[in-house]
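Quick note on labels: first sequence line is chain A, next is B, and so on, each numbered from 1. None of these values were measured; they are calculated from a predicted model.
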Amino acid sequence: MPEIRVTPLGAGQDVGRSCILVSIAGKNVMLDCGMHMGFNDDRRFPDFSYITRNGRLTDFLDCVIISHFHLDHCGALPYFSEMVGYDGPIYMTHPTQAICPILLEDYRKIAVDKKGEANFFTSQMIKDCMKKVVAVHLHQTVQVDDELEIKAYYAGHVLGAAMFQIKVGSESVVYTGDYNMTPDRHLGAAWIDKCRPNLLITESTYATTIRDSKRCRERDFLKKVHEAVERGGKVLIPVFALGRAQELCILLETFWERMNLKAPIYFSTGLTEKANHYYKLFITWTNQKIRKTFVQRNMFEFKHIKAFDRAFADNPGPMVVFATPGMLHAGQSLQIFRKWAGNEKNMVIMPGYCVQGTVGHKILSGQRKLEMEGRQVLEVKMQVEYMSFSAHADAKGIMQLVGQAEPESVLLVHGEAKKMEFLKQKIEQEFRVNCYMPANGETVTLPTSPSIPVGISLGLLKREMAQGLLPDAKKPRLLHGTLIMKDSALKELGLVEHQLRFTCRVHLHDPRKEQETAMRVYSHLKSMLKDHCVQHLPDGSVTVESILIQAAAHSEDPGTKVLLVSWTYQDEELGSYLTSLLKKGLPQAPS
Amino acid sequence: MDPECSQLLPALCAVLADPRQPMADDTCLEKLLDWFKTITEAGSSLLLLQENPCLVELLCHMLKPQDLSSRVLSFSLRLTGVFAAQEDCFQYLQGELLPRLFGEAGPLGGAAWTAPTVRSGWIQGLRSLARHPSALHFLADCGAVDTIFSLQGDSSLFVASAAGQLLVHILGLSMQGPADGPPSLQAGDWPACAKKIVGHIEESLRSTATPQITQALNVLTTTFGHCHDPWTRVLWVRLSPLVAGLLEKDPVPAAHSLVDLLLSVARSPGLSSSSCGLWETLAQTLSRLSPTQAGPLALGILKLQDCPQALRAQAFAVLLQPLACVLKATAQAPGASGVLDGTVGDFATVDTLLPSKAACVGLLCRTLAHLELLLPLPQRPCPWPQAPLLGAAVTLLQLCQGSASPTSDTGHHLCALLLGCVRVQRAALDFLGTLSQGTGPPELVTEVFAVLLEYLRSPDSSPTVLKKAFQATFRWLLSSPKTPGCWDLDPQALLFLRELLPVLQKRLCSPCWEVRDSGLEFLTQMTGRWGGQAGFRHALLASEVPKLTEQLLRDPESYVRASAVAATGQLSSQGLCISPASPEHPGGQQKSPLSELLHILSTDSEGFPRRAAMHVFTQWLRDSHADVVGDTEEFVAGVLQVASQDLDWEVRAQGLELALVFLEQTLGQPGSPCPYAVTPPVVAPACPLAQALQPLCRVRLFEFAFRALFDCDRPVAQKSCDLLLFLRAKMASSSSPQEARSSPDVASVEAALQRWQAGDQAQPLGDLEPEVVLAVLKSMDLEGLRGALAESSDHVEKSPQSLLQDMLATVGILGENEADCY
């Protein structure tokens with residue numbers, strides 16, 4: 001029977017690094033190729049040795065699909081393509097293709113900058129990897145090969161994020177990547193049509209949470225920044241070059257404009273320019289409000305946000321600075337943090353998650369006395385705020401998407417085991433479908449019903465049409481006819497061919513014992529059918545090709561024997577001939 | 001263990017033992033385990049446990065029936081294994097803890113076992129502790145080996161694979177034997193544990209279930225791959241009939257694993273020479289497996305150092321067969337295939353080998369990849385059928401392009417299967433490039449260039465195919481026949497070049513950035529190689545390529561701008577740039593390449609082009625480029641001034657690289673070895689050092705270097721430190737008496753440096769005198785700084801103490817930040 005197999009190498013019951021292998025109708029696809037920022041060694045990448053043991057990667061994998069530009073979804077890609085040796089196609093949307101290298105490069109620079117990172121890819125490798133990318137448009141069906149096709153759907157979450165439908169013949173899998181079912185300030189809500197896939201692989205970060213409106217968090221953020229600036233403090237917002245940074249820039253820019261604020265806002269690297277360029281370029285991927293406003297004023301052309309120079313950090317008076325990297329573990333953001341941490345008027349706002357082993361993680365866990373290099377202790381007096389702006393679907397949103405797509409089964413990834421368990425039960429109860437949550441390395445196998453095209457005679461169709469009912473997938477109708485199947489269909493369905501045999505009883509007048517009658521039948525047929533293989537078997541029966549003849553006593557008349565003749569439909573002609581021959585009786589035995 | 005860590009440990013163990021305290025960051029436990037491994041590798045585990053009783057308490061806590069986190073349980077199992085790896089510590093833990101953690105009474109029988117992470121922890125724990133004979137007894141007593149057998153078929157790939165590895169390890173350990181010598185080579189006398197494992201392997205090999213056979217084969221592959229002790233030979237003698245028996249089955253089960261095993265045995269020095277019929281088995285396997293399955297085996301056999309010639313021939317025939325089929329199917333005249341006459345019997349073979357599109361494409365790609373791997377090896381088959389293989393590669397490319405004209409039905413069929421197939425195109429172009437290592441008949445080489453040109457010209461070629469076509473073209477141009485001792489292109493290659501340049505020109509205008517970039521990379525390579533050759537220069541200057549390259553310096557895509565910068569650098573070095581005063585552009589507003597690149601360095605919004613410009617400048621300085629030699633000081637001062645202000649730390653670091661080159665050219669090589677000592681020797685100046693430093697002061701090199709010393713980006717600081725150390729080494733070797741010991745100037749510079757170090761970089765240094773520089777340099781603790789900079793910038797945050805603090809600090813605040821991510 002055909003089947004779909006799913007094995008997460010990452011994101012199976014965790015939110016580390018997404019990498020999911022899917023086998024569908026003999027095609028192998030890798031969904032996302034993420035990196036874990038919490039490790040400094042090879043553990044940061046998924047363990048690809050489980051794929052390489054199947055032979056050459058490029059031969060084994062038909063394609064790699066990247067859902068969006070976050071590093072936990074694409075960070076291992078240059079390593080996979082340039083160091084592990086995958087040389088096949090990589091699919092992602094146009095904005096992801098444009099933005100992905102910026103983030104990879106940004107991260108590479110941080111990794112090299114802070115040192116001590118082993119086995120990391122180079123700038124050239126990022127470029128060579130990006131050259132292998134085939135960019136796709138939303139709702140465009142892309143043929144990977146003759147049988148495998150993929151299609152992208154809008155996922156919200158970040159610019160260019162997409163859900164992907166993977167289809168081979170009539171079998172399909174939808175992978176959501178990360179998605180958001182509520183529109184935010186610059187992106188719309190995820191959407192998918194009623195594609196009824198065999199399997200929906202969905203993220204489940206907020207599997208048990210109903211999140212408050214993002215508006216509340218945004219208001220909170222602006223209030224805090226405003227308060228700090230009003231009291232003359234400096235606000236540091238550590239960010240990664242792209243994504244949340246732009247979202248917060250729009251927020252502040254609009255707020256500054258509205259409130260007529262004068263405190264300068266700086267962005268620490270030149271990257272913002274390119275990022276904003278892409279946000280402008282891919283304006284169609286943003287939400288309707290931004291698109292409408294774009295006609296009057298480009299939201300990404302910031303009046304208040306200027307490029308930062310290192311010397312500005314010592315300027316007196318309030319200011320807001322966006323600085324990379326986002327976890328305060330190297331470079332500019334860490335340097336500014338050290339400078340400003342001692343003043344209680346200042347504030348640092350962490351708009352995202354920080355892995356252990358970073359200053360960001362320390363201050364978020366409430367540590368206020370930080371050991372610095374050379375045994376110096378930095379006392380953090382500045383206000384520390386955490387604001388989660390991550391845009392994932394909450395429990396309600398996930399249920400909504402499952403309802404939209406109407407899958408036959410659901411598989412949860414990118415979440416915590418306990419929360420997944422809860423959501424799994426909810427999905428199974430509400431939608432009456434199977435829901436799976438494999439751990440990393442565990443394979444889920446789903447049998448699928450093969451779809452076999454059936455030819456139907458025009459006459460039969462016309463007769464059905466005459467009844468006046470139009471075909472409806474939800475209302476199956478009974479249709480009488482004879483279904484003829486060929487070998488390949490049987491094989492595909494995993495069925496064994498039925499052996500149909502014709503049978504016939506021939507009465508012979510013969511008072512001898514059954515064995516002797518059988519012997520007489522054998523001798524007679526042997527003499528009559530010289531071109532055929534006639535055999536007398538040890539159990540007393542006689543065979544001619546597939547035809548079987550057995551002699552039995554008549555239950556009522558001991559002088560009559562009954563010949564039981566059976567044959568397959570392939571030997572129908574011979575069977576009929578033989579029966580007619582036997583019906584004529586046996587030649588008299590020499591006395 | 002540090003006293004600070006020791007102090008924190010009890011609290012941490014209490015947190016770990018509390019099921020209500022989940023760990024926020026899943027990497028913490030991994031890092032904690034890493035730390036314990038480091039400690040136990042360096043010292044006594046027993047002492048560690050005795051000094052920190054909280055650790056044993058934590059492990060004992062795992063024995064209590066409670067709702068434990070599977071991650072913490074898994075961690076505890078692994079930690080126990082790390083401790084018990086030392087025999088005295090094993091004895092210490094053996095009483096109650098080990099049997100209850102790893103035996104039937106432990107997690108093995110409980111609900112926690114359903115979590116793969118716990119099963120994985122159990123295996124890894126055992127893997128760590130199985131290091132001594134006592135551990136073997138323990139494994140036998142607690143029935144662990146049977147559990148490992150069953151875990152080989154675990155639903156988790158990770159667990160199943162680890163179980164197989166553990167079996168291999170236990171088998172190896174038990175065969176090491178006690179201290180009084182290894183066990184007998186008679187399999188009957190082997191230790192019970194080894195016998196049990198071997199018995200299980202035998203049973204699995206006899207099984208009809210493919211997964212079981214696969215598991216057994218994988219265990220054997222790893223065993224023979226890692227251990228070459230004499231007992232492995234006995235094992236192979238015993239098991240080889242069973243392995244050979246697998247070949248009798250139809251279809252051959254677990255073919256992939258079987259191939260791995262046979263190759264592992266063949267590579268094992270003690271086994272391959274044995275008389276266990278290995279070569280016969282290999283030959284039989286080659287003939288029994290499908291072409292796709294047999295390919296890796298054939299390649300593996302051909303890579304072996306010594307194996308019978310007949311087997312090598314058979315293996316090579318298997319590898320070549322698909323290409324022979326292609327040649328046969330497309331041959332214009334019968335018998336013209338020539339790859340392997342006699343191997344491909346008739347068209348029926350073609351149908352079997354290349355039946356459907358998927359099978360055909362897969363097999364051809366694998367074959368090409370295998371041959372590509374084989375070609376550069378010294379043990380490749382000899383004679384190497386270079387010409388037929390070239391013919392096959394060209395034919396395949398023509399079939400994919402639709403330019404082949406097959407005469408037979410099979411040829412037409414192949415053509416239909418391969419038309420437009422990007423996978424085969426990519427594989428064939430890679431293979432064709434590799435084939436350039438050999439030669440070929442001139443008419444075939446002409447065909448190679450023709451097909452490459454066809455691909456470079458074709459509007460249907462995808463960007464990846466084009467990139468590979470460019471690479472293959474460069475390799476073929478490199479290998480084109482040349483006069484000995486002369487690196488010039490031969491007339492045929494020059495002719496080809498004249499056709500190629502208009503194509504390159506067109507590709508440089510492609511709407512696809514990938515294509516423009518590949519085109520520029522190709523141009524840079526070619527110019528680097530043949531830029532000095534008259535024929536090439538003439539052809540290039542006659543084309544629009546230099547002009548287009550200049551235009552691409554303003555490409556919207558930064559990758560392309562960076563490649564255009566590199567190409568311009570190369571063209572300019574060879575005098576191939578359109579000069580402002582060239583007769584073709586009289587009175588034009590053309591800027592010189594130097595000012596173009598300086599403009600990019602100062603204004604480009606992205607790092608790649610600026611970094612590329614710095615590379616070019618450094619190279620120009622090294623090579624004494626004409627534009628640089630004119631006024632080197634002005635050039636260096638200009639570049640350094642821009643680079644020192646750059647936001648991208650890599651540009652600043654390259655600025656220091658350029659400064660170092662200038663320093664070396666000014667002062668000559670240092671006495672001590674320097675990591676950057678790659679430049680050609682320059683004659684050391686005869687004048688006193690202070691005088692020699694004058695030009696360096698004039699280009700404001702020292703202000704840049706001193707400022708960079710306190711750069712927030714560590715590699716910049718490190719580079720600057722190296723540069724100043726180089727200078728100081730120079731000072732030490734010079735006997736210059738002119739030093740300003742202490743002067744107001746020196747004090748003010750030192751004060752400024754201190755402020756910079758404190759983070760206030762606003763104040764400039766002003767003009768520096770060489771004597772002041774020397775005095776400041778002498779007083780600085782550069783060695784200490786270099787030591788500090790050698791550490792990663794987050795080494796404090798990554799320390800064990802910091803890890804423990806972080807884990808403790810996370811307690812209780814999880815609700816808020818829990819499960820957030822990007």
Side-chain angles (χ1 to χ4, degrees), chain A residues 7 14-16 36 38-39 43 50 54-56 59 70-72 87 109 112-116 123 127 131-132 146 205 269-270 273-274 310-311 314 329-332 334-335 338-339 352-353 355-359 361-362 364-367 371-374 386 388 390 416 439-443, chain B residues 25-28 30-31 115-117 155-159 161 256 296 357-358 362 365-366 369 423 426 463-464 467 514 517-518 558-559 605-608 647-650 712-715 759-762 788 792-798 802-803 805-806 809-810 813 816-817 819-822:
Chain A
T7 313
D14 72 22
V15 277
H36 198 310
F39 288 111
R43 282 177 290 185
Y50 293 93
N54 291 309
R56 281 179 74 242
D59 297 330
H70 278 153
L71 292 177
D72 58 338
D87 196 25
K109 284 180 77 77
V112 181
D113 185 357
K114 73 187 172 87
K115 300 175 70 240
S123 213
K127 181 170 90 171
K131 280 185 173 179
K132 292 176 185 169
D146 288 355
T205 319
T269 68
E273 201 175 311
K274 179 153 185 177
R310 277 175 292 169
D314 297 313
H329 54 310
Q332 193 92 205
L334 184 58
Q335 197 186 43
R338 282 180 178 165
K339 209 168 256 194
Y353 171 71
V355 293
Q356 191 278 326
T358 60
V359 171
H361 182 271
K362 282 190 177 294
L364 282 186
S365 62
Q367 298 179 62
E371 194 191 322
M372 293 283 141
E373 276 181 278
Y386 174 76
S388 168
S390 64
E416 285 177 86
N440 286 331
E442 276 192 313
T443 303
Chain B
D25 190 314
D26 57 354
T27 63
C28 286
E30 286 285 320
K31 291 174 189 165
T117 172
S155 61
S156 164
L157 270 178
F158 301 162
V159 175
S161 158
H256 188 79
K357 176 157 183 170
C365 288
R366 277 185 191 92
R423 273 185 72 187
R426 285 198 310 246
T464 44
K467 185 183 168 185
E514 294 92 333
D517 191 74
S518 300
S558 61
Y559 277 138
S605 62
E606 286 182 58
F608 304 116
L647 286 172
D648 184 339
W649 67 259
E650 283 176 295
C712 67
D713 294 295
R714 186 155 291 230
D760 178 8
Q761 297 232 338
S792 75
S793 67
D794 55 356
H795 69 277
V796 178
E797 286 78 35
K798 295 244 186 277
S802 169
L803 172 67
Q805 281 167 347
D806 285 355
T810 323
I813 60 144
E816 198 185 333
N817 300 341
D820 196 11
C821 63
Y822 277 85

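Residue A/Asp146 holds its CG atom at 4.0 Å from NZ of B/Lys357, rounded to the nearest 0.5 Å. Considering CD of A/Gln332 and CG of B/Leu647, their distance stands at 7.5 Å, rounded to 0.5 Å. Taking NZ from A/Lys127 and CG from B/Asp517, the interatomic distance works out to 3.5 Å, rounded to the nearest 0.5 Å. In this structure, the separation between CG on B/Asp806 and NE2 on A/His361 is 5.5 Å, given to the nearest 0.5 Å.
By number of non-hydrogen pairs under 4.5 angstrom with chain B, the leading residue of A/His329, A/His36, A/Met372 is A/His36.
B/Thr27 places none of its side-chain heavy atoms less than 4.5 Å from the side chain of A/Val355. In this structure the side chain of A/Phe39 reaches within 4.5 angstrom of the side chain of B/Glu30, judged on heavy atoms.
The shortest non-hydrogen separation linking A/Arg56 to B/Cys365 is NH1-O, 4.2 Å. When all heavy atoms of B/Trp649 and A/Val112 are compared, the closest pair comes out as CH2-CG1, 3.7 Å. What you find for B/Phe608 and A/Ser123 is that their closest heavy atoms are CE2-OG, 3.5 Å. Between A/Gly357 and B/Lys798 the shortest heavy-atom distance is O-NZ, 3.6 Å.
A donor-acceptor pair shorter than 3.5 Å cannot be found between the side chains of B/Glu797 and A/Thr358.
Both the backbone and the side chain of A/Asp59 have a heavy atom closer than 4.5 Å to some heavy atom of chain B. For B/Pro296, no part lies near chain A; criterion is any non-hydrogen pair under 4.5 Å. In this structure, the portions of B/Ser518 lying under 4.5 Å from any heavy atom of chain A include both its backbone and its side chain.
The main-chain N or O of A/Gln356 is found under 3.5 Å from a side-chain atom of B/Lys31 such that the two form a donor-acceptor pair.
When A/Lys362, A/Glu371, A/Gln367 are each tested for a side chain to side chain donor-acceptor pair (under 3.5 Å) with B/Ser802, only one passes: A/Lys362.
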